[in-house]
Amino acid sequence: MKEHIAELIGSAIDTLKQQEVLPADLTPRIMVENTKDKAHGDFATNIALMLAKPAGCAPRDLAQKLVDALPESQNVTQVDIAGPGFINFFASAATITAVVGKVLSEKDQYGLSQVGQKQKIQVEFVSANPTGPLHVGHGRGAAYGATVSDLLAAAGFDVHREYYVNDAGRQMDILATSVWLRYLESNGESFDFPSNGYKGDYIRDIAAKVQAQFETSLVKAAADVFAGVPADEPQGGDKEAHIDGLIAQAKALLGAEGYEQVFDIALEDIRGDIENDLGEFGVKYEEWFSERSLTRGGDVETALKKLTDAGHIYEENGAQWFRSTAFGDDKDRCVVRDNGMTTYFASDIAYMHNKFERGFDKVLYLFGADHHGYLPRLKAVCQALGYPLDKLDFRLVQFAILYRGSERVQMSTRSGSFVTLRELRDEVGNDAARFFYVSRKSDQHMGFDLDLAKSQSKDNPVYYIQYAHARACSVMRKLPEHGWSFDQAAGLAALEKLDSDYEKDLMVALARYPEVLESCALNYEPHVMAQYLKDLASDFHSCYNALKVLEDDAQIRNARLALGEAVRQVLANGLQLLGVSAPEEM
RNA sequence: GCGCCUAUAGCUCAACCGGAUAGAGCAACGGCCUUCUAAGCCGUAGGUUGCAGGUUCGAGUCCUGCUGGGCGCGCCA
């Protein structure tokens, strides 16, 4: 309908151009909005306000000329000029009721868009280091990424969801060594556990798996393990040097093969656990992309060579640097250390190169807010590799600040004192957690009160929407008790009998769904969908309380059933996109 | 010190890429179940959109400065 009105206005503008009221070279962006106030009709445009200056006349005068030039339309019953020069359109009853039949025939396809034109978009999100279970902070990124991905798919994009597994590097070594030390403990060795090691209980669980698979074959005496290792912090030493010393000892005593066995058990256990956790949360990936595969497959080398050949790499102090300052970054970035090891950033370069090589039209990074400092260097990489910047998109997801009541919860992965995503899901439920996470704008800081979220009650807005859905189902279930059944054709034929504001509001809301979906997808803003569903549910609850569906009058009854079913369908479609279930009864 | 994000009702958050009287929920107060699920509905109250300027027909939205909060600035990952 908005498109239709925009066409009418476009036609009027063309007419005015011919009459030389408007300059011929004008190509205005015609904006048609839903009105907030019923007195302003159903749709409004501010076009006269925007074109007043180029036309050289007062907004209201121009509005009048535009209205005079508007073509006739069966869909429009009245056009007003209001306020400073808005043009308000009143839609015909048939135009408004048409959406009900459309929803009922398209069902779960209603609202899907082809705006993405099957463009291939790669979405990377969560990508937390596989050094422990996900905590509630990761949950927001997971829910946001999954919903944005699903919205993009619904908008006609070919979406490839990806989790980048940081399975290389020092943190993983610390993890593997922590597991091995716990394994030694359980085999009777005693020593002070390194202060910088991973201390969560899950480390012992993994150690038990090492035990089950290798029994005592990987046991070494504690005295040998700690021989020559720098002192730990509590003993007046340096905790970093201490843990690095232990890692070196683990590699030396176990040999490359033995060390990798422990390492791989730890990695696969935690990565698999994360995959299960996210899977239960309704968050699925097309691909779990291994960082190690970039190093081992020569991708890092290839990407760095490409940058070197293009003259973006230089050597200094025995290390190699990427000249990211040439593309607006604060400082140049090291890619190969003086000891010959490539940096984490070198892997990032290779990964981006790899993404582009795979032919994605768009590459979307969803980061936690603490990674915002990476944007300039990643944009630099994109340009240095010779790809246009508009292929790249970033969204930062702000942290959820945790509270227990009014008290702030401090979190640290290393110390093991975090609230896990799994704990949250167990206590709040997947539906409430998914909904809560995406109901705020992603770049907005979010206060997450655990006590409130765990309260399992009315405070969780998701129930409000689910209840509306369940109510619509409930009415349908009641039909047989009265000896009735739903006659859809009769209902659709009688829609014009639904002339209350309650019913009209509902139909207008239903008609908005496709544009809400499209806008959410293109702007990566799932919270707008959450908001929309709350509004739709609210309209439905109001209508439900004001008007009885199961009337004796068969025409009205079937018409209201048709409307109710259409609302139910749209609620179900929207909830599905948010990863929230749509229960038939509560 | 430099950079990014942010500031809207007592609390948690919206406001459709500059539009009409800034909206919901929770908390507070008052009504509505012998009628389709009261996890609901209706009503009342609550605001100088952090502060000060600027841009224009028009600013919560855009620009500048200031203040408060979050985060980031390694040959770490």
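Here is how names work: the chains are called A, B, and so on, in the same order as the sequence lines, proteins then strands, and each is numbered from 1. Everything quoted here is computed from the prediction, not taken from an experiment.
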- Task: State which of G40(B), C75(B), A20(B) makes the closest approach to the side chain of W321(A).
- Result: C75(B)
- Item | Side-chain ion pair, D553(A) and R557(A), N-O less than 4.0 Å | no
- Item | K331(A), nearest nucleotide to its side chain (from G74(B), A39(B), C75(B)) | G74(B)
- Side chain of V549(A) (C-beta onward), nearest among C75(B), C36(B), C71(B): C36(B)
- Message: Taking C17(B) as the reference, what is the distance to C62(B) when you measure between their P atoms (whole Å, please)?
- Response: 12 Å
- Task: Determine the Euclidean distance between corresponding P atoms of C33(B) and A38(B); express it in Å to zero decimal places.
- Result: 12 Å
- Query: Among the nucleotides C75(B), C36(B), A15(B), which one has an atom lying closest to any side-chain atom of L550(A)?
  - Reply: C36(B)
Would you list the protein and nucleotides 4-7 of chain B atom pairs, both N or O, that sit under 3.5 Å from each other?
{"from": "C5(B)", "atom 1": "O2'", "to": "Q398(A)", "atom 2": "NE2", "distance (Å)": "2.9"}
{"from": "C5(B)", "atom 1": "O2'", "to": "D443(A)", "atom 2": "O", "distance (Å)": "3.3"}
{"from": "U6(B)", "atom 1": "OP1", "to": "D443(A)", "atom 2": "OD2", "distance (Å)": "3.3"}

- Same-atom distance (P) from A24(B) to G46(B), integer angstrom: 15 Å
- Query: Under the 6.0 Å and 45° cation-pi test, does R323(A) pair with F327(A)?
  - Reply: no
- Between C42(B), C57(B), A15(B), which nucleotide has the shortest distance from any of its atoms to the side chain of H527(A)? A15(B)
- Query: Does R292(A) come within less than 4.0 Å of D264(A), counting only side-chain N to carboxylate O?
  - Reply: yes
- Message: Please give the distance between the C1' atoms of C13(B) and C51(B) as a whole number of Å.
- Response: 23 Å
- Note on the structure: In this structure, CG of N166(A) is separated from OH of Y344(A) (nearest 0.5 Å) by 3.5 Å
- Counting a pair only when it is Watson-Crick or G-U and both distances are under 3.5 Å, which runs of at least 3 such pairs involve RNA chain B? B:1-7 with B:67-73, B:10-13 with B:23-26, B:28-32 with B:40-44, B:50-54 with B:62-66
- Stacking between Y464(A) and the base of G40(B) (centre distance under 5.5 Å, interplanar angle under 30°)? no
- Between G68(B) and U49(B), how far is it from one C1' atom to the other, in whole Å? 16 Å
- Message: Please classify the nucleic acid contact of A470(A) as base, sugar-phosphate, or nothing, using heavy-atom distances under 4.0 Å.
- Response: base
- Report yes if the distance between the aromatic ring centroids of F289(A) and Y163(A) is under 6.0 Å, otherwise no. no
- Query: With no angle test and no hydrogens, is the base of A14(B) tied to the side chain of D535(A) by a donor-acceptor pair under 3.5 Å?
  - Reply: no
- Message: Going by side-chain contact (heavy atoms from CB on, under 4.5 Å), Y437(A) matches just one of T147(A), L578(A), V397(A), L424(A). Which one?
- Response: L424(A)
- Query: If you round to the nearest 0.5 Å, how far is OG of S500(A) from CG of L547(A)?
  - Reply: 4.5 Å
- Report the residue from R471(A), R477(A), M476(A) that forms a side-chain contact (heavy atoms from CB on, under 4.5 Å) with C473(A). R477(A)
- Query: When you measure from the side chain of M31(A), which nucleotide among C17(B), G72(B), G40(B) comes out closest?
  - Reply: C17(B)
- Less than 4.0 Å between a side-chain N and a carboxylate O, is that true for K362(A) and D393(A)? yes
- Query: Would you call K441(A)-E525(A) a salt bridge at under 4.0 Å N-O?
  - Reply: no
Return the polar atom pairs (N/O with N/O) between nucleotides 29-35 of chain B and the protein under 3.5 Å, or none.
{"from": "U35(B)", "atom 1": "O2'", "to": "K548(A)", "atom 2": "NZ", "distance (Å)": "2.9"}

- Task: Pick base, sugar-phosphate or nothing for A44(A), based on heavy-atom distances below 4.0 Å to the nucleic acid.
- Result: base
- Query: Using the P atom in both, what is the distance from G19(B) to G60(B), to the nearest Å?
  - Reply: 10 Å
- Task: Could you work out the separation of G47(B) and C73(B) based on their C1' atoms and round it to a whole Å?
- Result: 38 Å
- From C36(B), A39(B), U21(B), nucleotide with atom closest to Y463(A) side chain: A39(B)
- Pick the C1' atom in G18(B) and in G54(B), then give their distance to the nearest Å. 15 Å
